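Bear in mind that the values here come from a model prediction, so they are computed numbers and not experimental data. Just follow the structure's listing: the first ligand is 1, and inside any ligand the first atom is 1.
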Amino acid sequence: MKHLLKMLDLSKEEILSIIDLADQLKYEHRHGIAHPHLRGKSLGMIFQKSSTRTRVSFEVGMFQLGGQALFLSPRDLQIGRGEPVEDTARVLSRYLSGIMIRTFEQKEVEDLAKYGTIPIINGLTDFAHPCQVLADLMTIREYISKFEGRKLCFIGDGNNMANSLIVGGLKLGMEVSVATPEDYKPHSDVLAFADEQVKAGAKFKLTTDIFEAAKNADVVITDVWASMGQEGEAEKRRSSFTGFQVSDELLSVTKKDVVIQHCLPAHKGEEITREVFEKHMGEIFEEAENRLHAQKAVLVKLMQG
Ligand code: CP
Ligand code: NVA
C-alpha cells in the first residue's frame, strides 16, 4: 500500500491490518504508552473544504507519533492561484514525508499520487471518504466483534460516505443494503464493484425503501442530505430526501441492539432524529474518536521506514 486514495484500492487484508494496528495504537494511547513511530517526519495537510475532525485528528495524530503536521490553506498556497497540482506535488515531495488532501475532485488526489513521490492520503473528496470509513469499520468491529454475515445499512445520499461504505463493507464480507432516493444513487464505479461481488456470492441491495434496507440490520449509517459544495442544492435536497431519516420507527425493523454510525457533522431532524442521535451518541462519538486511531495506523503504514 503506497497511498490511501479510495477503498476500492485496498484489499481485505490491508483493511484488516490497518484496523488491527489502529486497535493497538488506541490501546497504547489509552495506557500512556508512547509510540513515536514517525519521529522527524512531516505531513502536509491541504484543505479545500472545511473540517473539524479530520484536521484536528491528523494534526494531533502526527504529534502523538513524534512527527509534525502543517496546515496548508489553498488561500495561502500557490495552488489557490493556479499553480498546477503536478508541480505542487513534485515540490512538496521534496520537503514532506506525506500529504493529506481534502478536495472536490477525486482526480486531483489521484494526480497528486501520480506526480508526487510521497504517500498521498485522501481526507475526503466528492467520491470517497476512506479515512472515515476505516474508522467506522474499526468502531463496528468494537461493537459487533465481526464482519462476516453482519448486515450494514446506509440510508440517505449516495455520496462519498455511501460509496466508501459499500466497498469497505463488501470487502470485509458484510451484507450491505443502501436506500437512496432514485436520483441520488451511489457512483456507477461502486455499483459495478458491488455487482461483481454479488456474482461472487456477496449480498448487496440498492433500494428506495428505507424499511427494506434496514430490515434486520446490525449497523445503520447515515450522513447529511447536502454535502460540502452542495449548499446551493440544500433546499431541493430537503424535499427529495424527506423520509430518508433514521428514526425510532426505522429502528423497529433492525436488530434490537443495532449500532448507529454518523460521520458528523449531523443535521438532527433531517437525516437522523434528535432522539436516535442522543440514544446512540456513545457509538457515534466513539466513531469520531476512532478517526484519530485509524488515521495514525494509516500514517504509520504509509510513512514509517
Ligand atoms: N467526519 C469528518 O470528516 O468530519 P470533518 O468534516 O469535521 O473533518
Ligand atoms: N458527505 C459529507 C461528509 C462530511 C464529513 C460531505 O462530503 O460534506
Side-chain angles (χ1 to χ4, degrees), residues 4-7 22 43-62 69 71-74 99-109 121-140 154-168 178-181 184-187 190 220-234 236-238 240-241 244-246 260-268 270-272 277 280-281 283-299:
L4 176 63
L5 307 180
K6 55 189 179 299
M7 294 304 288
L43 175 78
M45 307 190 299
I46 304 173
F47 281 95
Q48 308 264 23
K49 294 176 177 173
S50 309
S51 171
T52 297
R53 280 145 287 271
T54 306
R55 175 174 178 185
V56 177
S57 57
F58 266 107
E59 193 159 337
V60 170
M62 276 305 289
F71 175 71
L72 304 170
S73 155
I99 297 174
M100 194 288 307
I101 177 165
R102 166 168 287 196
T103 189
F104 295 86
E105 280 185 47
Q106 181 70 18
K107 184 173 181 303
E108 196 175 339
V109 177
I121 299 171
N122 179 350
L124 181 147
T125 57
D126 293 344
F127 174 67
H129 199 359
C131 293
Q132 180 69 52
V133 165
L134 289 168
D136 292 9
L137 294 169
M138 175 188 178
T139 315
I140 289 167
F154 180 87
I155 302 285
D157 186 18
N159 62 13
N160 42 17
M161 280 303 298
N163 290 335
S164 304
L165 282 164
I166 291 168
V167 176
V178 176
T180 69
Y184 296 92
K185 289 183 185 158
H187 194 281
V190 168
V220 172
I221 309 185
T222 189
D223 186 17
V224 289
W225 292 341
S227 285
M228 289 181 276
Q230 298 169 336
E231 289 79 4
E233 296 173 27
K236 178 176 160 229
R237 283 172 170 264
R238 224 169 267 133
S240 303
F241 283 88
F244 284 79
Q245 186 184 58
V246 177
I260 305 297
Q261 298 278 268
H262 192 310
C263 63
L264 304 175
H267 287 177
K268 296 172 215 177
E270 292 191 0
E271 75 276 2
I272 189 166
F277 186 92
H280 290 270
M281 68 170 183
E283 65 254 33
I284 292 171
F285 289 106
E286 199 69 32
E287 173 191 13
E289 176 183 331
N290 285 343
R291 290 293 304 276
L292 173 69
H293 310 300
Q295 282 157 204
K296 282 167 73 181
V298 169
L299 291 166

> Under 3.5 Å, N or O to N or O, is L124 touching ligand 1 that way?
Replying inline: no
>> Give me the nearest non-hydrogen protein atom to atom 7 (O) of ligand 1 as residue plus atom name, then the distance to 0.1 Å.
In response: T52 N, 2.7 Å
> Do T180 and P186 come within less than 4.5 Å of each other through their side chains, counting heavy atoms only?
Replying inline: yes
> Is a donor on one side and an acceptor on the other found under 3.5 Å between the side chain of N159 and the backbone of A162?
Replying inline: yes
>> For Y184 and F241, take the angle between the two ring planes, folded into 0 to 90°, and tell me which bin it lands in: parallel under 30, tilted 30 to 60, perpendicular over 60.
In response: tilted
> Strictly by modelled atom types, are N122 and Q106 linked by a side-chain donor-acceptor pair under 3.5 Å?
Replying inline: yes
>> What I'd like to find out is whether the side chain of S164 reaches to under 4.5 Å of the side chain of Q132, using heavy atoms alone.
In response: no
> Would the number of heavy atoms belonging to other residues, nucleotides or ligands and lying under 6.0 Å from CD of E233 be above 12?
Replying inline: yes
> Of the choices C131, S227, C263, which has the non-hydrogen atom that lies closest to atom 1 (N) of ligand 1?
Replying inline: C263
> Of all the non-hydrogen atoms in the protein, which one sits nearest to atom 2 (C) of ligand 1, and at what distance?
Replying inline: R291 NH1, 3.2 Å
>> With heavy-atom distances below 4.0 Å as the criterion, list the atoms of ligand 1 near L264.
In response: 1 (N), 2 (C), 4 (O)
>> Side chains of T222 and E271: any donor to acceptor distance under 3.5 Å?
In response: no
> Do L165 and Q261 come within less than 4.5 Å of each other through their side chains, counting heavy atoms only?
Replying inline: no
> Would one find an N or O of R55, backbone or side chain, under 3.5 Å from an N or O of ligand 1?
Replying inline: no
At less than 3.5 Å, what protein N or O atoms come close to the N or O atoms of ligand 2? Include the distances to 0.1 Å.
unit_1, atom_1, unit_2, atom_2, d
ligand 2, 1 (N), N159, ND2, 3.4
ligand 2, 1 (N), N160, OD1, 2.9
ligand 2, 1 (N), D223, OD2, 2.6
ligand 2, 1 (N), S227, OG, 2.7
ligand 2, 7 (O), N160, ND2, 2.8
ligand 2, 7 (O), S227, OG, 3.4
ligand 2, 8 (O), M228, N, 2.8

> Is the closest side-chain heavy-atom distance between V133 and V167 below 4.5 Å?
Replying inline: no
> Which ligand 1 atoms does Q132 reach within 4.0 Å, using its non-hydrogen atoms?
Replying inline: 1 (N), 2 (C), 3 (O)
> Which of the atoms in ligand 1, numbered in the order shown and given with their element, are less than 4.0 Å from a heavy-atom of R53?
Replying inline: 1 (N), 2 (C), 4 (O), 5 (P), 7 (O), 8 (O)
> Rounded to the nearest 0.5 Å, how far apart are CD1 of I155 and CZ of F244?
Replying inline: 8.0 Å
> Heavy-atom distance to atom 6 (O) of ligand 1: which of R102, E287, M228 wins?
Replying inline: R102
